[in-house]
Amino acid sequence: MGGHKGRRSLVAGLLTVSWVAAGGVAWAQEGAPPATAGGADAPAPAGERQIGPPAPGPTQAEKDLLEAQKKTAEEQKALEATAADLKAELEMLQAILGAEREQRAEEVVALQERLEKAQAALKKPPVSTAYSGVGLTGYIQADWGIWRQSSQDEINNATATPLNEERYSIRRARLKTTLDRTYVAGALEFDGNTVNGATARIINAEASVKLPGEEGAPLPLLMASVGLFKIPFGFEILQSDRDRVFLERSTAEQSLFPGEYDVGARLQLAWRFLRFAGAVQNGDPIGEKAFPTRDPNAAKDFVGRVGVETPVSDTVFVAAGVSGLSGTGFHRGTPATKASIQWNDKNEDGAFTSDELVTVPGIAATPSQNFSRFAYGLDAEITVAVPQVVTAMVYGELYRAKNLDRAKLVADPFGPLGRDAREQGAYVAALLTSHDATVGARYDMYNPDRDSTNPSKPLVPTDFSYATLALVASYGTPNARVVLEYDHNTNHNGRDLMGRPANLKDDALTLRGQVGF
Amino acid sequence: MRIPTRLAIRPVVLRLVLATALLAGTGAAGCGGEDPSTGLTAYLRVANAQYEPGELAADTGATEPTVNTIKAANTRVFPGALSRSVSGTVDQEAVAVLIGLEGDDAHWLVPVGTRDIETMVDWTFSASLSYSPETPTGPRALRFRAIDAGGNLGPVQSLSLTIGSPAPIGALVIQLTWDTEADLDLHVRITDPSVPKTGYFDVWNKAPLALPPKASSDPPYTRTETAAAGRLLFDSNSQCVIDGQRHEEIVFPGTVPPGPYEVRVDTFSLCGEPTARWHVAAFTNPMATPPAVQEPMLIQEAFGQSNDRDTVASHGADSGVLAFTFSPP
């Protein structure tokens, strides 16, 4: 603004100077006798009376007058030149001013357009509640399994499920209502998907009392919750499905904490850069195979994470944490059975003969038993952001556990092997985001039985480990995004011609569309 | 309206008293009654009887009431045996009988039944006994003690049992066991150069006899030949019809083909179970002379775990994961 004012003053000053100069020229023209009207060499006009003797030359007055005229003429020329300069400068300034005005007008139009877009994005849906502090969010993740090596146009007759993985599916369709007031908070979230057929289920339901933190703090200072919520362990579990660019979590996480949500009570603390979350939970997450969200024993799992989250400069953010779990698993007993008779067609003639009957005695039930389990983990994340250019994020996690696998190779020390299963998993991921485009890679590995190579009790296969390299590219924001991911999977689920465990080809290419509000 | 302090305090005190009384009442109610345990952790389980924690002790000083007779159809049982009946008579003062297995951590209370029709004085009792699959093998005493209405226990009467080995008898046994109610199948491939084209034959639930297939022009095997041959005894949890056995054996009673043998485990179906952990072993367990409880001699064994992926297969003769190969000694 000051610049504009200065420019205006300069223009006004120049105009004034020009005007004054022009007036001076006019005054000089009016006051001075015309150069051609008389002069030292000019003859006297006819009829004019001569008094006294004729002068030998021009008088002193005439000389002065001529001198003055000459000087005035020079000054006039100088003023004319100055005026011309000023006029040129004025024209130039007017041109600059015009260009600036034009540019400013264009900027205003662009800003107005952006403002309109932002206002449209922020426009609240026509939903109203009787209470304040209520929020409504949701998103849909629709997948297209473009290609998968292990996919077959066949049915698994044991489970009556299709083996085809090249299909369209709704991976997640979430609708969440939240309540956030000064001292209380709550959440209620439902999930729908078509992974195993159309399903709708509750996934998050929690009620909390809280003590607000400093003004502007993202998290409350202290919060106690009860309900169905995410297991507070590590980084990956607590990361939002909506925000995560990779389609799924690592194999280790899916095996040790299937479904991520469990029922229990939780205490959270967020003070400056320190973060703590501890919970007492059933120990049977929503994705567990045996007793999801229920609890077959009275013992509870204790789980928690202590960490730090802080920016170390304007462009660098770091987070790290240590997590632990101590709990009790459950070995299910078997029921008693009745005696029965079985026919074995020994001679394969399809007809019954008396020696083909086998008696199968009834057998007594076996008791259920509890066993201890634990896990600990380390996680770290570093984000470097160059404003308006690129954001780079590198994060990773390490899991070590005992008897905690609840999905992939379910752990149970009371099986025929009669020993604990020690699990180990890790992953490292890198993401590069520029504006709305992101590319990334993640390598994860998981071994559900670190002792499987023990020669004293030979296991088949001797190695149960899994590894995945995921390459991902996405465009958009969590509110509207397209993600393409290629997964290179290695495992020991295949069988060679001799029946020995081998890698089962299982690479996959998936396209995901995501929209949210 | 202003409430006098004394009146205002009274409801609070009343509530405290009521709450205390409620808690005390709840606690008292919780203290009474019988033990609700299912008794599945005990070696011996008795149907329709009351579980009593602790081993049934043999009190030598007790005299009455007495257990007069005990009858059992079979004193040789195997771990996991179900519904083995036992009956007997007790003194007329007795109201119940305590039954327990020597070395067990629990015993059972069985009420007496009707009058004994022979004596018309004593009371009869009967019970259906089951033995845990974890019951240790070997000789073991089944103890009985009568109890009268005053809670007096009589002397111990014992029935000697033999808990037999569940391992089948044979010159060569290949046994598969697993831990959940899934349908797993044992497959054994026996190398036999006399078999045309392949040089081997498979033994599994669709071909349970360990005899090479005959050409259609050849006469079928005689009954003597099939009786002497190795065979798959039965198919456990077949088609997810749960029989609870969770083990399959191929037993060679006499002559053992020289092999070598390939032992495989096929996961036909997990029958809704999340997983199945298995153990397969080849051992010799010939009939002892005289018959006795004996430990089999292990040749080779392997452990494994099946998951959903293992159920995806044709489940034909050559299906399953290779557990091990061996040649009989």
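Given the structure is predicted, the values throughout are model-derived calculations rather than measurements.
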**Q** Nearest 0.5 Å, what's the NZ-CG distance between A/Lys408 and B/Asp308?
**A** 10.0 Å
**Q** Report which part of A/Asn493 has an atom under 4.5 Å of a heavy atom belonging to chain B: side chain, backbone, both, or neither.
**A** both
**Q** What I want to find out is whether B/Arg309 reaches A/Asp506 closely enough, with some N-O distance under 4.0 Å, to be called a salt bridge.
**A** no
**Q** What's the spacing between B/Asp318 CG and A/Arg495 CZ if we round to 0.5 Å?
**A** 13.0 Å
**Q** Taking the side chain as every heavy atom from C-beta outward, state whether B/Leu233 and A/Val358 have any atom pair closer than 4.5 Å.
**A** no
**Q** Pick from A/Pro501, A/Ala407, A/Ala364, A/Gly415: which one has the most heavy-atom pairs with chain B under 4.5 Å?
**A** A/Ala364
**Q** Rounded to the nearest 0.5 Å, what separation is found between the CD1 atom of A/Ile363 and the CD atom of B/Gln245?
**A** 4.5 Å
**Q** Can you tell which of B/Gly80, B/Gly304, B/Pro274, B/Ser269 has the highest number of heavy-atom pairs within less than 4.5 Å of chain A?
**A** B/Gly80
**Q** Quick one: which of A/Pro416, A/Gly333, A/Gly362 has the most heavy-atom pairs under 4.5 Å with chain B, could you say?
**A** A/Pro416
**Q** Less than 4.5 Å apart, any side-chain heavy atom of B/Leu82 and any of A/Pro361?
**A** no
**Q** Answer with side chain, backbone, both or neither: which region of B/Glu262 has an atom nearer than 4.5 Å to a non-hydrogen atom of chain A?
**A** side chain
**Q** For the candidates B/Val265, B/Val280, B/Asp235, which exhibits the highest count of non-hydrogen atom pairs separated by less than 4.5 Å from chain A?
**A** B/Asp235
**Q** Less than 4.5 Å apart, side chain to side chain, heavy atoms only: is that true for A/Pro367 and B/Arg45?
**A** yes
**Q** Return the CG to CG distance between B/Leu322 and A/Asp496, rounded to the nearest 0.5 Å.
**A** 8.0 Å
**Q** Quick one: which of A/Val360, A/Asn491, A/Thr159 has the most heavy-atom pairs under 4.5 Å with chain B, could you say?
**A** A/Val360
**Q** Which atoms of A/Ile155 come close to chain B, meaning under 4.5 Å heavy atom to heavy atom: side chain ones, backbone ones, both, or neither?
**A** neither
**Q** When rounded to the nearest 0.5 angstrom, what distance separates OG1 in A/Thr337 from CZ in B/Arg246?
**A** 8.0 Å
**Q** Just give me the residue among B/Val312, B/Asp310, B/Leu270, B/Thr267 that pairs up with chain A most often, heavy atom to heavy atom, under 4.5 Å.
**A** B/Val312
**Q** Quick one: what part of A/Asp449 sits under 4.5 Å from any heavy atom of chain B, side chain, backbone, both or neither?
**A** neither
**Q** Using non-hydrogen atoms and a 4.5 Å limit, figure out which bit of A/Glu154 sits close to chain B: side chain, backbone, both or neither.
**A** neither
**Q** Can you tell which part of A/Ala421 gets under 4.5 Å to a heavy atom of chain B, answering side chain, backbone, both or neither?
**A** neither
**Q** Out of curiosity, A/Arg406 CZ to B/Thr275 OG1, how far, rounded to the nearest 0.5 Å?
**A** 15.5 Å
**Q** In this structure, are over 12 heavy atoms from other groups packed under 6.0 Å from B/Asn74 atom CG?
**A** yes
